[in-house]
Amino acid sequence: MAAGPQREILRDPWLKKQKRKLLEIDCRGRVVLPGLIDSHTHPVFAAPRLVDFEKRISGASYQEIASAGGGIRSSVAAVRKATRGELAERVLLALNAMMAHGTTTVEAKSGYGLTTKDEIKSLQAIHDAAAQWPGTVAATLLAAHVVPPEFAGKDDEYIETICREIIPRVARAKLASFVDVFCERGAFTLAQSEKVFSAARSHGLGTRAHVCQFTPSKLDSLLSFQPASLDHMDCVASEEISALAENGTVATLLPGANYFLGHHDYPDARRFIDSGVAVALASDYNPGTSPTLSMPFVMSLACTHMKMSPEEAIAAGTVNAACALRLHGRKGSIEPGKDADIAVWDVQDYREIAYWFAWNRCSEVVIAGQHVWSSTRS
Ligand code: NIG
Ligand code: FE
């Protein structure tokens, strides 16, 4: 894109040639931002988890529900049964709803298939949906989400399957840019997570992890793989934070999950920011812990519950999120040479985007220079 003062831009030779084809959008009185980047989502699922929702309302915790057979495992059966086409349709529906909330780039994970075939089917569904959507999608393999039922008690065998079979096949078919792992009590240990990272690296894939969501973990061994991002980060020990800053790894905070699980505590954004760690915000869109795809709502939570300023929240949902996906060369800011992905907001002041919580004020979306969505057209 070209960006700058109008008089300068109009001298641009390419623009002069295209003059008759140009569409002018008058944004006076509105706020223009780079398109939002949702750098952590789980859109490949078949149904909401309403039983879990009600159980939690009656007082059960996320971990109690999971160990009683609910949780992630209860989404797996439906994804295994669904066809690639059905899943792609659901993913596309989510991508379009995200776009209507100002999101133009999305990271999308598999993770509810948990067999070679079903993880590949999930990633293919992401690619099928992405091909019908104007924005950019980065796909992530999350086969290491939980141990599937058929490997119960044999979690190391499942890790072997991931490392020897799933990662190589996914890498060969170029179905994912990243490999993710849920490093947590009840999911995978640090040693198992390192194995997954090591296989990802040897197949040329980037790494990212769900870590420190419910229980603290040491981070140095994961950081040695230069992950693009470590996500959730609710309970991180102080000594881990400086290592994070030195490593250039982004901390992606997901307050939608804290909100939906009814937690009183939120990730300590201030501690990361004040220590020089780049913080990104993402929706964590998924059926178990964060059924929202609204980045403006997540930004509002970050301001009210995590004491991030509105400008920090916007940076976290744009330029820092671009770094979390290693797309900062192309995305995340309105700058000459970057992709023309832009969201226009029907507010007079940028602070209103997070202020009007759960009210979507996005009014226009431009992706790669094309006007793809308008609140007045839909
Ligand atoms: O990011 N923590 C692990 N994964 C998801 C939850 C997925 C689910 O419960 O279905 C998360 O919160
Ligand atoms: Fe997640």
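Start at 1 and go down the list; that is how both ligands and their atoms are numbered. The chain is numbered in sequence order, starting from 1.
Note on ligand 1: Phe45 sits outside its first shell, no heavy atom being nearer than 4.0 Å. At a 4.0 Å cut-off, at least one heavy atom of His40 sits close enough to ligand 1 to count as contact.
The side-chain heavy atoms of His210 and Val181, taken from C-beta on, include no pair separated by under 4.5 Å.
At the top of the distance list for atom 2 (N) of ligand 1, counting protein heavy atoms only, stands Gln213 OE1, 2.9 Å. Looking from atom 11 (C) of ligand 1 to the surrounding protein, the closest heavy atom is Asp284 OD2, 3.2 Å. Closest protein heavy atom to atom 4 (N) of ligand 1: His145 NE2, 2.9 Å. Nearest protein heavy-atom neighbour of atom 12 (O) of ligand 1: Thr289 OG1, 2.7 Å. Looking at atom 10 (O) of ligand 1, its nearest protein heavy atom turns out to be Tyr112 OH, 2.6 Å. The protein heavy atom nearest to atom 6 (C) of ligand 1 is Tyr62 OH, 3.3 Å.
Between Arg73 and Gly186, the shortest heavy-atom contact is NH2-O, 4.1 Å. Considering all non-hydrogen atoms of both residues, Val196 and Asp180 come closest at CG1-O, 4.5 Å.
Of the polar atoms of Ser75, none of the N or O atoms is found under 3.5 Å from an N or O of ligand 1, judged by distance alone.
With respect to the salt-bridge test (charged N to carboxylate O, under 4.0 angstrom), the residues Arg351 and Glu312 do not qualify. We find that Glu8 and Arg11 are not joined by a salt bridge, their nearest charged nitrogen and carboxylate oxygen being 4.0 Å or further apart. Checked for salt-bridge contact, Arg330 and Asp339 meet the test: a charged N lies under 4.0 Å from a carboxylate O.
The proximity of Glu184 to ligand 1, defined as any non-hydrogen pair under 4.0 Å, does not occur for either the backbone or the side chain.
Trp356 carries Arg361 over the face of its six-membered ring, with the cationic atom under 6.0 Å from the centre and within 45° of the normal.
Taking the ring centroids of Tyr285 and Phe45, they lie under the 6.0 Å cut-off.
More than 12 heavy atoms of other shown residues, nucleotides or ligands fall within 6.0 angstrom of atom CZ in Arg270. Residue-environment remark: CD (Glu54) stays at or below the threshold of 12 foreign heavy atoms within 6.0 Å.
Around the Fe ion (ligand 2), the protein atoms of type N, O or S found under 2.8 Å away are His40 NE2, His42 NE2, His210 NE2, Asp284 OD1, listed by chain and number.
Of all the atoms in ligand 1, the ones that sit under 4.0 Å from a non-hydrogen atom of Ile72 are 7 (C), 8 (C), 9 (O), 10 (O). Atoms of ligand 1 lying under 4.0 Å from any heavy atom of Asn286, numbered from 1 in the order shown and given with element: 5 (C), 6 (C), 7 (C), 8 (C), 9 (O), 10 (O), 11 (C), 12 (O).
For the residue pair Ser363/Arg30, the side-chain donor-acceptor check at 3.5 Å is satisfied.
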